[in-house]
Number of protein chains: 2
Amino acid sequence: MASVHTVTEATSAPSWDPYERGCPSRDLLDRIGDKWSILVLGELGRHGTSRFTQLRKQLAGVSEKMLTQTLRALERDGLVVRTVYPEVPVRVEYSLTPLGVTLRGPLKALTDWSLEHTTDVLAAREEYDARAVRTG
Amino acid sequence: MASVHTVTEATSAPSWDPYERGCPSRDLLDRIGDKWSILVLGELGRHGTSRFTQLRKQLAGVSEKMLTQTLRALERDGLVVRTVYPEVPVRVEYSLTPLGVTLRGPLKALTDWSLEHTTDVLAAREEYDARAVRTG
DNA sequence: CAGAATCCAATAAGATACTG
DNA sequence: CAGTATCTTATTGGATTCTG
């Protein structure tokens with residue numbers, strides 16, 4: 001999966017044309033397709049708002065680094081908003097932007113599908129692997 | 001971790017439990033989230049059936065290796081079926097399985113979203129980057 | 001045609017330590 | 001708390017060469 005963007009070279013203009021060939025802009029699909037984005041978006045969609053540490057626990061397994069990167073990327077894409085409360089110690093809350101909310105539907109369709117068809121896929125894998133063993 | 005796994009060892013049983021914590025099974029999301037799966041699925045969804053070389057052209061940019069890997073993974077997951085016609089030279093056709101067809105809806109929702117909101121995301125990125133520059 | 005095999009460069013991911 | 005910095009390992013992706 002591609003680039004959780006190495007930021008540093010703020011390429012203002014993308015070199016691809018989102019309209020060419022009706023192509024669904026790999027760039028955007030990559031973002032939601034990366035390792036944690038869907039999960040983060042899902043959590044914020046369900047929870048409404050979460051703090052950094054809270055998210056870390058909910059996503060069980062994500063490292064601080066990855067969570068930060070994912071959150072930053074989502075923020076940059078206008079899907080998530082980061083609010084800092086200058087208390088002591090500082091409190092930071094994340095939630096979906098209106099644009100992020102429009103992604104909830106499509107995302108839910110996807111996670112619903114995965115929940116619904118997990119057993120099918122697992123079965124298919126077992127059969128495939130079994131056949132592979134027999135075939136050599 | 002023994003570095004002995006050269007991929008080739010058909011990992012029969014996954015070590016995670018898809019039912020724990022109502023988690024939307026990262027394993028499945030990972031599959032469709034990888035670099036080419038969505039595009040391949042999309043092509044097969046639109047086209048109905050495609051041959052290897054045909055797919056390579058339609059996906060413009062995929063290497064043989066990646067296309068093969070993606071196709072194999074999708075086949076293993078029961079989403080794509082591979083049919084070999086023992087002609088000379090051999091002809092191989094790929095198409096969606098019934099299970100794969102059930103993914104069309106969710107996937108279309110996603111690609112439609114990306115088409116619809118590309119400009120929004122692009123605008124958000126520019127603003128974010130502009131602010132980053134000002135902020136330092 | 002439709003891959004398989006191999007090698008190598010680029011990225012991503014994770015662990016750990018440190019900070020305002 | 002909410003990160004940042006740094007280092008190391010693991011995984012990806014692509015180019016190339018070869019084959020039934």
Side-chain angles (χ1 to χ4, degrees), chain A residues 1-9 26-27 30-40 49-76 80-95 132 135-136, chain B residues 1-11 26-27 29-31 33-40 49-76 80-95 132 135-136:
Chain A
M1 188 168 336
S3 64
V4 178
H5 76 256
T6 352
V7 176
T8 34
E9 55 176 67
R26 260 260 311 291
D27 228 54
D30 280 358
R31 167 65 17 82
I32 61 154
D34 89 342
K35 196 169 185 181
W36 298 104
S37 292
I38 292 187
L39 283 323
V40 170
T49 276
S50 267
R51 301 178 58 177
F52 189 85
T53 306
Q54 207 175 344
L55 273 174
R56 271 211 72 183
K57 283 170 197 159
Q58 286 157 351
L59 299 203
V62 68
S63 66
E64 295 180 351
K65 180 183 157 191
M66 282 301 103
L67 183 54
T68 300
Q69 271 183 25
T70 303
L71 250 9
R72 289 287 179 285
L74 293 173
E75 195 194 349
R76 181 168 108 106
V80 160
V81 61
R82 174 176 183 268
T83 314
V84 183
Y85 298 90
E87 307 171 351
V88 178
V90 68
R91 178 165 55 103
V92 179
E93 288 188 348
Y94 294 92
S95 52
T135 308
Chain B
M1 217 160 301
S3 54
V4 196
H5 66 294
T6 2
V7 170
T8 32
E9 56 173 63
T11 44
R26 260 259 314 289
D27 228 56
L29 295 181
D30 279 358
R31 165 75 63 249
D34 87 342
K35 195 170 185 181
W36 299 104
S37 292
I38 292 187
L39 283 323
V40 170
T49 276
S50 267
R51 303 178 57 177
F52 189 85
T53 305
Q54 208 175 342
L55 273 173
R56 272 211 70 184
K57 284 170 197 161
Q58 287 157 349
L59 299 203
V62 68
S63 67
E64 294 181 353
K65 181 183 159 190
M66 283 301 105
L67 184 53
T68 300
Q69 270 183 24
T70 304
L71 250 9
R72 288 290 178 283
L74 293 173
E75 195 195 350
R76 181 168 109 105
V80 160
V81 61
R82 174 176 182 268
T83 314
V84 183
Y85 298 88
E87 308 170 350
V88 178
V90 68
R91 178 165 55 102
V92 179
E93 287 188 350
Y94 294 91
S95 52
T135 307

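Below, chains carry the letters A, B, ... as their sequence lines are ordered, and counting in each starts from 1.
- D:dG3 atom C1' lies 13 Å from atom CD of A:Glu75, rounded to whole Å.
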Open item on the list: Could you walk me through whether A:Lys65 and A:Gln69 satisfy the side-chain contact (heavy atoms from CB on, under 4.5 Å) test, starting with their C-alpha distance in whole Å, then the side-chain angles of each, then the deciding distance to 0.1 Å, before giving a yes or no?
Closed with: CA-CA 6 Å; A:Lys65 180 183 157 191; A:Gln69 271 183 25; 3.4 Å; yes
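- Note on A:Arg82: only backbone sugar-phosphate atoms sit closer than 4.0 angstrom, heavy atoms only; bases stay farther off.
- For the contact set between residues 64-73 of chain B and DNA chain C, defined by any heavy atom under 4.0 Å, the members are B:Glu64, B:Lys65, B:Thr68, B:Arg72.
- Contact annotation: B:Arg51 does not reach the phosphate of C:dC1 (side-chain N/O to OP1 or OP2, under 4.0 Å).
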- [ ] Assess whether side-chain contact (heavy atoms from CB on, under 4.5 Å) is satisfied between B:Val62 and B:Leu39, documenting all intermediate values.
- [x] CA-CA 10 Å; B:Val62 68; B:Leu39 283 323; over 6 Å; no
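- Take A:Arg91 and apply the salt bridge (Lys or Arg N to Asp or Glu O under 4.0 Å) test, not counting sequence neighbours, and it matches A:Glu87, A:Glu93.
- When each of B:Val90 and A:Gly61 is assigned the nucleotide of DNA chain C bearing its nearest heavy atom, the one mapping closer to the 5' terminus is B:Val90.
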Task: Stepwise side-chain contact (heavy atoms from CB on, under 4.5 Å) check, B:Trp36 with B:Leu71 - done: CA-CA 9 Å; B:Trp36 299 104; B:Leu71 250 9; over 6 Å; no
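- One interatomic measurement links the two molecules: OH of B:Tyr85 to P of C:dG3, which rounds to 13 Å at whole-angstrom precision.
- Between B:Tyr94 and C:dG3 there is a side-chain N or O to OP1 or OP2 distance below 4.0 Å.
- When distances are taken from the side chain of A:Pro89 to each of D:dA2, C:dG14, D:dC1, the shortest belongs to D:dC1.
- Look at CH2 on B:Trp36: it is 9 Å from P on D:dG13, rounded to the nearest Å.
- Atom pair B:Leu59:CG and D:dG14:P shows a separation of 12 Å (rounding to whole Å applied).
- Here the closest heavy-atom approach between residue B:Arg56 and residue B:Ser63 is recorded as NH2-CA, 4.1 Å.
- Considering B:Arg51, B:Arg82, B:Glu75, B:Gln54 in turn, B:Arg82 is the only one that fulfils the side-chain hydrogen bond (donor to acceptor under 3.5 Å, both in side chains) rule with B:Tyr94.
- For A:Ser63 and C:dA15, the shortest distance from a side-chain N or O to OP1 or OP2 is not below 4.0 Å.
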